[in-house]
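Structure, as structure tokens:
Chain letters run A, B, ... following the sequence lines, proteins first, then strands; residues in each count from 1.
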Protein chains: 2
Amino acid sequence: MKSTSSSSSPAYQPLYRQIKHLITESLMSGEWRPGEPIPSEFELAQRYNVSQGTVRKAISELAHQNLLVRHQGKGTFVASHSEERKNFPFLRITPDRGSLDAVSATLIDFWRIKLDADSARKLAVAEAASAYLIRRLLAPAGASVVYEEIRLPATVFEGLSAETVDLHHCMLYSMYESAFQVRIVHVDERIKAVAAEGEIAARLDVEEASAVLLIDRVAYTYGDKPVELRRSYCNTREHHYRNRIV
Amino acid sequence: MKSTSSSSSPAYQPLYRQIKHLITESLMSGEWRPGEPIPSEFELAQRYNVSQGTVRKAISELAHQNLLVRHQGKGTFVASHSEERKNFPFLRITPDRGSLDAVSATLIDFWRIKLDADSARKLAVAEAASAYLIRRLLAPAGASVVYEEIRLPATVFEGLSAETVDLHHCMLYSMYESAFQVRIVHVDERIKAVAAEGEIAARLDVEEASAVLLIDRVAYTYGDKPVELRRSYCNTREHHYRNRIV
DNA sequence: GAGTGGTCTAGACCACTCA
DNA sequence: GAGTGGTCTAGACCACTCA
């Protein structure tokens with residue numbers, strides 16, 4: 001591969017970014033699947049006809065974005081939610097005291113629906129497109145803390161069943177990978193405080209009009225493609241949302 | 001500098017991390033101040049007697065942590081909040097529609113206090129240590145959206161006055177740098193939904209017992225030293241807290 | 001044109017894993 | 001011991017800034 005180092009090029013990209021893009025394409029195509037090793041740096045250098053250092057730089061950026069995981073002496077692996085059981089990077093709700101251990105999830109119901117205009121827009125699909133709606137409760141240490149509604153476009157998750165959802169309870173993102181080859185790579189959230197009303201108050205076992213946390217999430221897979229909408233209501237009496245900003 | 005590449009060393013650190021530590025020490029000591037350039041990679045390589053590549057790797061990590069900012073062709077600079085006017089990485093409250101432009105801050109009052117036990121513990125100072133308490137309102141586009149109480153240990157911010165706080169309104173972190181040589185490098189937050197009561201409801205112009213967002217922040221300077229406590233109450237009727245998780 | 005950071009290479013050697 | 005990623009070097013050249 002030759003570096004296209006022309007300063008007049010409208011979209012000049014250094015070599016390592018071109019390599020990064022090629023690796024990402026292989027991840028998207030499923031050539032290497034979550035949890036599996038990718039070829040060694042030496043092999044990739046040969047394949048792309050660049051130096052090992054250039055491959056390293058591409059892999060470093062992908063590892064930084066949590067798309068790849070490197071293990072010295074073993075190899076480089078495609079990041080997988082099933083191997084992140086311990087950290088739960090996308091679950092920010094934490095007990096005020098102690099730590100989060102066993103989280104039990106209870107499926108409330110499961111529907112095939114037509115998306116409303118707003119949801120369709122956020123998922124970048126046609127209005128009234130078909131989708132699955134999951135409603136469920138998360139209960140760390142027994143108490144109902146989170147009630148959530150999850151919308152999944154049918155084009156991506158065709159064939160999803162209540163049984164599949166129920167089986168994987170709190171490990172949904174790991175199920176997306178294994179059953180649908182959909183890896184969630186980042187999420188955007190909007191957080192508000194709202195008054196719990198009706199069913200939500202009942203589900204969270206709080207008084208009508210109590211203050212609860214509302215988290216509106218859009219989850220994206222490779223290539224910034226939105227594939228999940230999630231609205232969570234959280235009882236923050238004994239839990240909080242933790243965040244670190246650097 | 002020689003690499004101490006002994007596998008039996010209890011705390012083996014690669015060369016570039018040792019360099020990173022030396023650079024951090026210079027930042028802490030104030031040898032290079034926020035906004036100022038640090039020596040070029042070539043000069044630092046000579047100073048530490050390592051290759052330019054090793055210095056680059058150390059600087060890259062520091063740039064990634066937002067402690068340094070690199071500008072191709074110009075040099076490497078100590079990160080400064082006053083040069084981040086545009087992004088406000090630590091201000092996560094955003095209007096639901098449109099973007100945040102002018103934020104006006106109104107000082108409510110300013111006190112010299114003795115820290116309660118909990119605050120003293122979070123700031124890692126002795127109980128009843130002296131501190132400043134700032135209470136103020138933030139009003140993007142006129143409406144009062146955030147009421148906050150800020151606690152600053154007197155040992156670090158000795159001589160702070162209401163006038164200084166008032167002058168710098170919403171750019172407090174930039175004032176910490178210029179007036180006290182304290183650069184905030186990261187913050188930890190705990191977020192809850194609570195009912196607004198009494199003064200808080202009045203200040204935010206919401207009904208008693210309305211749901212508001214509570215953000216408890218600890219802000220740290222170099223070396224993970226806590227130097228600010230901030231409790232913010234936010235009216236999220238037309239604003240939200242935005243977050244991206246990768 | 002001089003000086004800065006940014007990319008890329010080739011090669012040496014270290015640290016770790018696994019058979 | 002073979003294979004992996006991790007570190008470090010020296011050197012070439014590119015891209016950008018500023019006088």
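A salt bridge (Lys or Arg N to Asp or Glu O under 4.0 Å) check over residues 159-171 of chain B, counting only residues at least two apart or in different chains, returns nothing.
At whole-Å resolution of the value, CD in Gln18(B) and C1' in dT7(D) are 12 Å apart. Rounded to an integer number of Å, the gap from CG of Leu15(A) to C1' of dA15(D) is 15 Å. Across the protein-nucleic acid pair, Asn49(B) atom CG and dT9(D) atom C1' stand 12 Å apart, rounded to whole Å. In this structure, the NZ atom of Lys20(A) is 15 Å from the C1' atom of dT7(C), given to the nearest Å. The separation between Phe77(B) atom CZ and dT17(D) atom P is 12 Å, rounded to whole Å.
Residues passing the side chain to side chain contact (heavy atoms under 4.5 Å, CB included) test with Ala219(B) are Tyr173(B), Ile184(B), Val187(B), Glu228(B), sequence neighbours excluded. The ring-ring contact (aromatic ring centres under 6.0 Å, His included) check on His186(B) picks up Tyr220(B), with sequence neighbours excluded. For Phe157(B), the ring-ring contact (aromatic ring centres under 6.0 Å, His included) partners at least two apart in sequence or on another chain are Tyr176(B), Phe180(B).
A salt bridge links Arg17(A) with Glu61(A); the closest basic N to acidic carboxylate O contact falls under 4.0 Å.
Between the side chains of Glu41(B) and Thr76(B), no donor N or O sits under 3.5 Å from an acceptor N or O. Side chains of Thr164(B) and Ser161(B): a donor on one and an acceptor on the other come within 3.5 Å.
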Give every pair of a protein N or O atom and an N or O atom of nucleotides 3-6 of chain D that lie under 3.5 Å apart, one pair per line with the distance.
unit_1, atom_1, unit_2, atom_2, d
dG3(D), N2, Gly73(A), O, 3.0
dT4(D), O2, Gly73(A), N, 3.2
dG5(D), OP1, Thr76(A), OG1, 3.3
dG5(D), OP2, Glu41(A), N, 3.0
dG5(D), N2, Gln72(A), NE2, 3.0
dG6(D), OP2, Arg56(A), NH1, 3.2
dG6(D), OP2, Arg56(A), NH2, 3.0
dG6(D), OP2, Arg70(A), NE, 3.3
dG6(D), OP2, Arg70(A), NH1, 3.3
dG6(D), O4', Gln72(A), NE2, 3.4

### Query
Starting at the 5' end of DNA chain D, what dot-bracket string do you get if Watson-Crick and G-U pairs under 3.5 Å are bracketed, crossing pairs use [ ], other-strand pairs use | and unpaired bases use dots?
||||||||||||||||||.
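Under the side-chain hydrogen bond (donor to acceptor under 3.5 Å, both in side chains) test applied with Glu148(A), the options Arg217(A), Arg231(A), Arg136(A) reduce to a single match, Arg136(A).
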